[in-house]
Chemist: 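Structure in structure tokens, see below.
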Amino acid sequence: MRIDDLDRGTPVLSGDDFVTLPVAGLGVVPLLVEVAAQIEAGTLDALEIVDRNAVDRVEGGGVWQHLKAPALPVADLAVLAAAAGDGTAANALITRVGLPAVRARIEQLGLARTALLDRFRDKRGPDDAPHVALGTTREFAQLFAALVNSEVVSAGVSAQVAEWLSLNHDLSLVASATGLDPFAHFNDEHGLLFINKTGQAPGVRAEAGVIAGPRAGLSYALTVCFDDLSISHRLRAHDAFRVLGVELMEFVF
């Protein structure tokens, strides 16, 4: 776990924040950074159409698999990957920009313990990477702080990625304590700024984000790996995120 003060850039709370763990869909964030950077550089057209039939589909989650549209522009795929955790859309972006480019971007950002290893898959075989992505809570908390402080690649790239992430519908973990509308929380009437991204896989729950209120602004990251032996095991893992959410709300308000 890692919590940083947005203004000072200093840690507020940390625990094993240097340990590299699987982070599942949280690995989409550096992918979105690379997509936004290529769009800004002019090497990728935001309106370039990507055919779904040319992409490895993921049936475990996401929206695109249920849509009639057989092809979508890159910008819409970024929205689906950020807002709906759409594995097929994320795979389309990975196919288009390439894993080597994402890995180079991760290195350029100074994320020494973060990696996007593979595309999203419904099942992982012995020849596949064991996880889609790895990372530490320290690096993801710092990455989200850099996004809202316009320090990731450029101000334009930071703003674009933050805008995509602000659409995230998954407010089931840390964000469950915010009381925000999962489908419309960009402009909260009570002055709460919140962006996040979650990652969920068997035995893995991860979340990173930014929360800011009248008193303070914080970036945070929490990863929990657990034996998913029963619903009670899973709920105990989820409780850790919800408790953290309550503490963050008390701090910023």
Chemist: So do the side chains of R96 and V35 get within less than 4.5 Å of each other, counting heavy atoms only?
Modeler: no
Chemist: Starting from L193, can I reach L173 by hopping between I/L/V/M/F/W/Y residues whose side chains sit under 4.5 Å apart?
Modeler: no
Chemist: Restricting to pairs with a member in residues 196-238, which pass ring pair (Phe, Tyr, Trp, His ring centres under 6.0 Å), not counting sequence neighbours?
Modeler: none
Chemist: Taking it one step at a time, do L192 and F253 satisfy side chain to side chain contact (heavy atoms under 4.5 Å, CB included)?
Modeler: CA-CA 9 Å; L192 177 63; F253 278 90; 3.6 Å; yes
Chemist: Any link between L109 and L6 through a network of hydrophobic side chains (Ile, Leu, Val, Met, Phe, Trp, Tyr) touching at under 4.5 Å?
Modeler: yes
Chemist: Using 0.5 Å steps for rounding, measure from the CZ atom of R234 to the CG atom of L229.
Modeler: 10.5 Å
Chemist: Could you walk me through whether D128 and K123 pass side chain to side chain contact (heavy atoms under 4.5 Å, CB included), step by step?
Modeler: CA-CA 9 Å; D128 301 323; K123 294 183 179 180; over 6 Å; no
Chemist: So, for A24 and Q200, which heavy atoms are closest and what is the spacing to 0.1 Å?
Modeler: CB-N, 3.5 Å
Chemist: When you measure from the side chain of S219 to the backbone of A141, do you find a donor-acceptor pair of N or O atoms at a distance under 3.5 Å?
Modeler: yes
Chemist: Check the pair V74 / Q38 against side chain to side chain contact (heavy atoms under 4.5 Å, CB included), numbers first and verdict last.
Modeler: CA-CA 11 Å; V74 165; Q38 290 195 20; over 6 Å; no
Chemist: So do the side chains of V161 and V152 get within less than 4.5 Å of each other, counting heavy atoms only?
Modeler: no
Chemist: Salt bridge (charged side-chain N to carboxylate O under 4.0 Å, His left out) with D17: which residues, sequence neighbours excluded?
Modeler: R2, R138
Chemist: Could you walk me through whether T198 and L26 pass the side chain to side chain contact (heavy atoms under 4.5 Å, CB included) check?
Modeler: CA-CA 5 Å; T198 58; L26 193 51; over 6 Å; no
Chemist: Can you list every pair that meets side-chain hydrogen bond (donor to acceptor under 3.5 Å, both in side chains) and has a residue in residues 49-58, with sequence neighbours left out?
Modeler: N53-R57, D56-R119
Chemist: Decide if atom CD of Q108 counts as having more than 12 heavy atoms of other residues, nucleotides or ligands within a radius under 6.0 Å.
Modeler: yes
Chemist: Looking only at atom types and distance, does a side-chain atom of R113 sit under 3.5 Å from a main-chain N or O of V19, one as donor and one as acceptor?
Modeler: no
Chemist: Please report the shortest heavy-atom distance between I195 and V148, naming the atom on each side.
Modeler: CD1-CG1, 3.8 Å
Chemist: Looking only at heavy atoms, what is the nearest atom pair of A216 and F251, with distance?
Modeler: CB-CE2, 3.7 Å
Chemist: Apart from I231 itself, which Ile, Leu, Val, Met, Phe, Trp or Tyr residues share its cluster (side-chain heavy atoms under 4.5 Å, direct or through members)?
Modeler: L235
Chemist: When you measure from the side chain of R124 to the backbone N and O of F120, does any donor-acceptor pair fall under 3.5 Å?
Modeler: no
Chemist: Testing the basics here: between G27 and L116, what is the closest heavy-atom pair and its distance to 0.1 Å?
Modeler: O-CD1, 3.9 Å
Chemist: Kindly indicate whether the side chain of L171, heavy atoms from C-beta on, has any atom under 4.5 Å from the side chain of N196.
Modeler: yes
Chemist: With side chains defined as the heavy atoms from C-beta onward, is the minimum distance between I106 and E34 less than 4.5 Å?
Modeler: no
Chemist: To the nearest 0.5 Å, what is the distance between OG on S230 and CZ on R236?
Modeler: 6.5 Å
Chemist: Please report the shortest heavy-atom distance between N168 and A82, naming the atom on each side.
Modeler: OD1-O, 3.5 Å
Chemist: Taking C-beta and beyond as the side chain, do I3 and E247 meet within less than 4.5 Å on heavy atoms?
Modeler: no
Chemist: Applying a strict under-4.5 Å side-chain criterion to I, L, V, M, F, W and Y, I'd like to know whether V210 and L13 cluster together.
Modeler: no
Chemist: Could you tell me if the side chain of L99 sits less than 4.5 Å from the side chain of I94, heavy atoms only?
Modeler: yes
Chemist: Quick test of your reading: applying ring pair (Phe, Tyr, Trp, His ring centres under 6.0 Å), list the pairs with at least one residue in residues 137-182, sequence neighbours left out, ordered by first then second residue.
Modeler: H169-F183
Chemist: Side-chain heavy atoms nearer than 4.5 Å, only ILVMFWY residues, links allowed to pass through others: does that put L134 and V29 together?
Modeler: no
Chemist: Please identify which of these residues, T136, V33, L143, meets the side-chain contact (heavy atoms from CB on, under 4.5 Å) condition with L111.
Modeler: L143
Chemist: Are M1 and F194 linked, directly or through intermediate hydrophobic residues, by side-chain heavy-atom contacts shorter than 4.5 Å (ILVMFWY only)?
Modeler: yes
Chemist: Between E207 and V174, is there a donor-acceptor pair closer than 3.5 Å when you use the side chain of the first and the backbone of the second?
Modeler: yes
Chemist: Can you name the nearest heavy-atom pair linking A129 to L117, along with the distance?
Modeler: CB-CB, 4.1 Å
Chemist: With a cut-off of 3.5 Å and sequence neighbours excluded, list every side-chain donor-acceptor pair involving residues 62-72.
Modeler:
{"from": "W64", "atom 1": "NE1", "to": "A69", "atom 2": "O", "distance (Å)": "3.1"}
{"from": "Q65", "atom 1": "NE2", "to": "E59", "atom 2": "O", "distance (Å)": "3.4"}
{"from": "Q65", "atom 1": "NE2", "to": "G61", "atom 2": "O", "distance (Å)": "3.2"}

Chemist: Okay, side chain of S166, backbone of E163: is any donor-acceptor separation there less than 3.5 Å?
Modeler: yes
Chemist: How about M249 and T178: do any of their side-chain heavy atoms sit closer than 4.5 Å?
Modeler: yes
Chemist: Using side-chain heavy atoms (C-beta onward) and a distance below 4.5 Å, is L165 in contact with L147?
Modeler: yes
